[in-house]
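What you are looking at is a predicted structure, and each value in this text was computed from that prediction instead of being measured.
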There are 2 protein chains.
Amino acid sequence: MEFLTVLKERGLKATPQRVAVLKELDKKTHPTMEEMYSNIKEDNPTISLATIYKNVNLLKEQGIVIEINMPNGKMRYDYLSYPHIHLVCKSCGYIEDLDYDENLFKFQKSIEDSKGVIIDRLDVVASVESCKFCK
Amino acid sequence: MEFLTVLKERGLKATPQRVAVLKELDKKTHPTMEEMYSNIKEDNPTISLATIYKNVNLLKEQGIVIEINMPNGKMRYDYLSYPHIHLVCKSCGYIEDLDYDENLFKFQKSIEDSKGVIIDRLDVVASVESCKFCK
DNA sequence: CTATTTGCAAACCCTTTGCAAAAAT
DNA sequence: ATTTTTGCAAAGGGTTTGCAAATAG
């Protein structure tokens, strides 16, 4: 199981709660804390919201989970199994993962060269007014 | 005064409090709500924090002010007088405005073409571990 | 004059914390 | 056996709300 490796590499214990959080985050549904809580509760009825928070924050510190600040102010979370960016719909909140492309790499390189820095992370959120999933 | 025009165009009343908020946001210091509050308070001692919130949120809805979700979880705000992106330092929190470049435009265009969407907004935050302003 | 905005204080989340019990390695 | 993690309930803190008074146009 990939998640167990990811956790072991970082010296984190593989509790059922923690693995469940990673699984939820890996579904590409970009859930909120509450959504993870209610989904995980189905199989793990005793889990608490505080445990979701603690684990998500821990994984965020490890850089493998990121926070997406939605236009409506709500936070959503995503497992960053590989670098990607987000296309979000402002009307319905749908989020799609998009791969980096050549132009984005060039953009990053040109900032690094002109500013003399190494970019550690590039968060990109492209917003559209409405999408094919809007009613 | 540019701000008065910006407000009039949107049918918003130009109260001294609102103009002061715009001025703070235009200083390129990317202040927090509290920072705006204490700065504005110096010249306008009766202003309330709630008024800062109400005005910033209003300007956000108008799309002329954006929220920057800092790595530490704190929110900072910026007047989007022209489209630009942010280079943020994870250690000291310094934020620098950077212009769009050719590559970023190409990137945007390629998503629009491949996905058949019009990107309404492109939020980019490039993070570095430390910068020249870190002690 | 009318509609909007302000300022205050209270209410409202969402998120974090402390701690004893439980679980992982 | 040791260290980490969980779950609970309470505390915390940033943000919003309701409303009467003040202000802008």
Side-chain angles (χ1 to χ4, degrees), chain A residues 1 3-25 31-62 65-77, chain B residues 1 3-25 30-62 65-77 93:
Chain A
M1 170 71 81
F3 298 138
L4 301 185
T5 315
V6 169
L7 294 174
K8 181 163 279 179
E9 280 172 356
R10 290 154 214 272
L12 301 175
K13 292 186 176 176
T15 64
Q17 295 89 335
R18 185 165 293 158
V19 173
V21 166
L22 269 177
K23 273 187 190 163
E24 278 304 311
L25 287 165
T32 61
M33 294 280 188
E34 289 286 349
E35 282 164 1
M36 287 182 251
Y37 178 52
S38 63
N39 287 343
I40 295 174
K41 236 181 156 172
E42 290 177 15
D43 285 333
N44 190 336
T46 64
I47 198 170
S48 77
L49 186 53
T51 298
I52 308 286
Y53 273 96
K54 284 172 188 168
N55 279 313
V56 172
N57 287 341
L58 196 68
L59 297 167
K60 242 189 351 176
E61 284 161 27
Q62 294 289 327
V65 163
I66 62 157
E67 195 170 58
I68 309 169
N69 185 12
M70 295 297 287
N72 67 6
K74 299 232 178 300
M75 291 295 181
R76 304 241 226 135
Y77 299 87
Chain B
M1 171 69 81
F3 299 136
L4 302 186
T5 314
V6 170
L7 294 175
K8 181 163 280 179
E9 280 173 355
R10 289 156 214 271
L12 300 175
K13 292 187 174 176
T15 64
Q17 295 89 335
R18 185 165 291 160
V19 173
V21 166
L22 268 176
K23 274 187 189 162
E24 279 304 310
L25 287 166
H30 311 93
T32 62
M33 294 279 189
E34 288 287 349
E35 281 163 1
M36 288 181 251
Y37 177 52
S38 64
N39 288 343
I40 296 174
K41 237 182 154 169
E42 289 177 16
D43 286 333
N44 190 337
T46 65
I47 198 170
S48 77
L49 186 52
T51 297
I52 308 287
Y53 274 96
K54 284 172 187 167
N55 279 313
V56 172
N57 288 340
L58 196 68
L59 297 167
K60 243 189 353 176
E61 284 161 27
Q62 294 290 326
V65 163
I66 61 157
E67 193 170 60
I68 309 169
N69 185 13
M70 296 296 286
N72 67 7
K74 298 231 179 302
M75 291 295 180
R76 304 242 225 134
Y77 298 87

Please report the distance, rounded to the nearest Å, between [atom1] in [X] and [atom2] in [N].
| X | N | atom1 | atom2 | result |
| --- | --- | --- | --- | --- |
| A:Ile47 | C:dA23 | CD1 | C1' | 14 Å |
| A:Ile52 | C:dT16 | CD1 | P | 13 Å |
| B:Lys74 | D:dG13 | NZ | C1' | 9 Å |
| A:Leu58 | C:dT16 | CG | P | 12 Å |
| B:Asn72 | C:dT16 | CG | C1' | 15 Å |
| B:Leu49 | D:dT17 | CG | C1' | 14 Å |
| B:Arg18 | C:dG7 | CZ | P | 11 Å |
| B:Asn69 | C:dT15 | CG | C1' | 14 Å |

Can a side chain N or O of [X] be found less than 4.0 Å away from OP1 or OP2 on [N]?
| X | N | value |
| --- | --- | --- |
| B:Thr15 | D:dA24 | no |
| B:Asn55 | C:dT5 | no |
| B:Asn57 | D:dT15 | no |
| A:Gln17 | D:dG7 | yes |
| A:Tyr53 | C:dT15 | yes |

Minimum heavy-atom separation for [X] and [Y], please, with both atom names.
| X | Y | result |
| --- | --- | --- |
| A:Asn57 | A:Met33 | OD1-CE, 4.3 Å |
| B:Leu49 | B:Tyr37 | N-CE1, 3.4 Å |
| B:Arg76 | B:Met70 | CG-CG, 3.5 Å |
| B:Met36 | B:Ile52 | CB-CG2, 4.1 Å |

Sole residue of B:Ile66, B:Leu7, B:Val6 in side chain to side chain contact (heavy atoms under 4.5 Å, CB included) with B:Leu59: B:Leu7

Expected list for residues 39-46 of chain B near DNA chain C, using heavy atoms below 4.0 Å, is B:Thr46

For the atom pair NZ (B:Lys54) and OG1 (B:Thr51), what is the distance rounded to the nearest 0.5 Å? 6.0 Å

Got a donor-acceptor pair under 3.5 Å from the side chain of A:Lys13 to the base of D:dT3? yes

Under 3.5 Å, is there an N or O donor on one side and an acceptor on the other linking the side chain of B:Lys54 and the base of C:dG7? yes

Selection from D:dG7, D:dT17, C:dT5 that lies nearest to any side-chain heavy atom of B:Ala50: D:dT17

Looking at D:dT15, C:dT6, D:dT5, which one has an atom nearest to any side-chain atom of A:Leu12? D:dT5

Contact check, side chains of B:Pro16 and B:Val19, non-hydrogen atoms, under 4.5 Å: no

For A:Tyr37 and B:Lys8, take the nucleotide of DNA chain D holding the closest heavy atom to each; which residue's nucleotide lies nearer the 5' end? A:Tyr37

Got more than 12 heavy atoms from elsewhere within 6.0 Å of CG, B:Asn72? yes

